[in-house]
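Predicted model, so just to flag it, every value in this text is computed and none were measured.
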Amino acid sequence: DPHYDQVILHVVYQLDKAVYTTGGSIIPAIELEVDECYFDTYMAMVNNISPIPCGSAWKSIPTIHVETALVAMGVNRLQSKIESMSAGLEENRGGWKNLSLRVLFRGFGFGKNHENFEILARSIDHQILEKNLENLFQLECLLFGQAGMIPEQNPDPYALAISKEYAYMREKYHLKKPTDYNWNRKRTRPGNQPAVRIAQLAAWLYNRHDYFELLLSPGSQSSGLNFDATISSYWSRHIDFGRKAKKPNTSIGHIANGLLQINVVLPFTAFYRQQHGEEEAIRDWLEQLEQIPPEDNSILRNWKEAGFRIPNAFYSQTFLYLYKEFCVNRRCLQCSLGRLTIRE
């Protein structure tokens, strides 16, 4: 393979054969010996069918080392969010309102559809959104139209009306509808269906010209910003276009409201304060997470079954980060806990 002609050294676990360049030269190689028990432990972890590769093996590691690794991973989680928002701010050429919408929309994706909601946010400039905040129907037209959810065949009266209005808005604002959505509807409970979440988002934004200031207000950080709002009559009875709900969609729910506090308000506020010279912003963010109860989902329950204690939102965020960044792809050698377990 000519792509390997530029390789100057192979570092391998087992030197079992010589490798040649296309010119016939042997590529130098060095064999690094690894204790067989380390190798066996590593292979057992990456081939483990359990969601958490290291399982309860961490219990053999001194507690102080485990705690240090977890705190470091948690801080990395906060830093990754900061870097993501920093890139978003640069992409928006310093536009804080557009960035706030990206963070807000992504939060309403609630894990299952956060990437899709961010695509939706990118497709709508804040100035266009703000021109339609006083009319809930037009706000729904804008969001559902840009989300590519309005059905083209057999629409009910609501869908027909929203389709006509969106066609007008698309022409008026020169909107470009994204085509790279992959809406996740399977194995999703009715209240978390993407159409319901869009309706809830529209309801919260309705008549809130101060949405940006609300996200940054001191009260939203201390007591929590209330994202609950009364959704339109159609969406109180449907989970998707033409799909009626078995029971009415009412409140966004206490749990969902808490998740928006954790994933929208606190990170955005901390980033805004940091960018405006407040050095204590990130420390305050971490301390606020420590005061909030932990999230509860199937991923975190797996960690609990492995014996870990999850006392607050800082740790629940840490374990979610660990799972998504390392466990899913079996990146045990890049994970602090994984390396500790292998060495033990």
Side-chain angles (χ1 to χ4, degrees), residues 50-52 102-121 136 139-140 143-151 155-156 158-159 162 180-206 224-267 292-306 310 312-313 315-317 319-324 327-328:
S50 169
I52 310 300
R102 280 177 56 171
V103 176
L104 175 65
F105 277 50
R106 186 180 177 89
F108 267 83
F110 291 98
K112 288 272 188 178
N113 283 293
H114 58 261
E115 297 291 348
N116 291 311
F117 269 79
E118 184 167 341
I119 293 171
L120 175 59
L136 181 55
L139 196 52
E140 289 178 347
L143 296 184
F144 282 113
Q146 286 298 99
M149 288 189 177
I150 303 174
D156 56 27
Y158 170 81
I162 211 172
D180 50 348
Y181 291 114
N182 184 25
W183 292 107
N184 190 344
R185 295 179 174 88
K186 295 181 179 179
R187 293 185 293 278
T188 300
R189 61 183 180 83
N192 202 30
Q193 287 292 327
V196 175
R197 293 305 190 192
I198 289 178
Q200 291 171 341
L201 175 59
W204 188 80
L205 285 168
Y206 173 50
L225 182 60
N226 185 9
F227 286 95
D228 204 4
T230 303
I231 61 177
S232 61
S233 59
Y234 182 87
W235 290 108
S236 68
R237 295 176 284 107
H238 290 78
I239 61 172
D240 207 342
F241 285 93
R243 290 182 61 194
K244 287 193 174 182
K246 291 183 179 180
K247 60 180 182 178
N249 298 312
T250 53
S251 171
I252 193 172
H254 174 72
I255 294 176
N257 207 75
L259 291 175
L260 290 169
Q261 180 75 10
I262 293 170
N263 295 304
V264 176
V265 177
L266 293 182
I292 298 174
E295 299 134 282
D296 180 31
N297 55 43
S298 59
I299 296 173
L300 294 172
R301 286 192 285 274
N302 286 328
W303 285 104
K304 289 180 180 178
E305 288 174 6
I310 308 178
N312 53 50
Y315 280 88
S316 62
Q317 287 278 290
F319 283 114
L320 287 171
Y321 172 73
L322 273 171
Y323 179 78
K324 294 174 182 177
C327 299
V328 171

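- Y323 and N302 are not linked by any side-chain donor-acceptor pair at a separation below 3.5 angstrom, with hydrogens and angles left out of the test.
- The nearest pair of heavy atoms linking F144 to A199 is CZ-N, 4.0 Å.
- A313 approaches I262 most closely through the heavy-atom pair CB-CD1, 3.8 Å.
- A distance of 11.5 Å separates CG in L300 from CD in E305, rounded to the nearest 0.5 Å.
- To the nearest 0.5 Å, atoms CD (Q200) and CD1 (I252) are separated by 4.5 Å.
- Note: F319 and W303 have tilted aromatic rings, judged against thresholds of 30 and 60 degrees for the angle between ring planes.
- The side-chain contact (heavy atoms from CB on, under 4.5 Å) test with F105 singles out one residue from L201, V264, I119, and that residue is L201.
- The structure places CZ of F227 at 9.5 Å from CG of L205, a figure rounded to the nearest 0.5 Å.
- The two residues R185 and Q193 have their closest heavy-atom pair at O-NE2, 3.2 Å.
- Between the side chains of Y206 and E140, no donor-acceptor pair is found at a separation under 3.5 Å.
- Of the residues listed (I198, L120, L143), the one engaging M149 in a side-chain contact (heavy atoms from CB on, under 4.5 Å) is I198, and it is the only one.
- The aromatic ring centroids of F117 and F108 lie 6.0 Å or more from each other.
- The minimum heavy-atom distance linking S232 with L136 is given by the pair CB-CD2, 4.0 Å.
- In this structure, H238 and V196 approach most closely via the heavy-atom pair O-CG2, 3.9 Å.
- Separating the CG atom in N116 from the CG atom in N184 is a distance of 8.0 Å, to the nearest 0.5 Å.
- If you run side-chain contact (heavy atoms from CB on, under 4.5 Å) between W204 and each of L225, T230, L260, only L225 comes through.
- Here the closest heavy-atom approach between residue N226 and residue D228 is recorded as OD1-N, 2.9 Å.
- Taking NZ of K112 as the reference point, atom OG1 of T188 lies at 4.0 Å (rounded to 0.5 Å).
- The side-chain heavy atoms of R106 and N263, taken from C-beta on, include no pair separated by under 4.5 Å.
- Remark: the R197 side chain and the N192 side chain contain an N/O donor-acceptor pair separated by less than 3.5 Å.
- At least one side-chain heavy atom of L320 sits less than 4.5 Å from a side-chain heavy atom of N297.
- Put simply, CD1 on I231 and CZ on R237 are 10.0 Å apart, with the number rounded to the nearest 0.5 Å.
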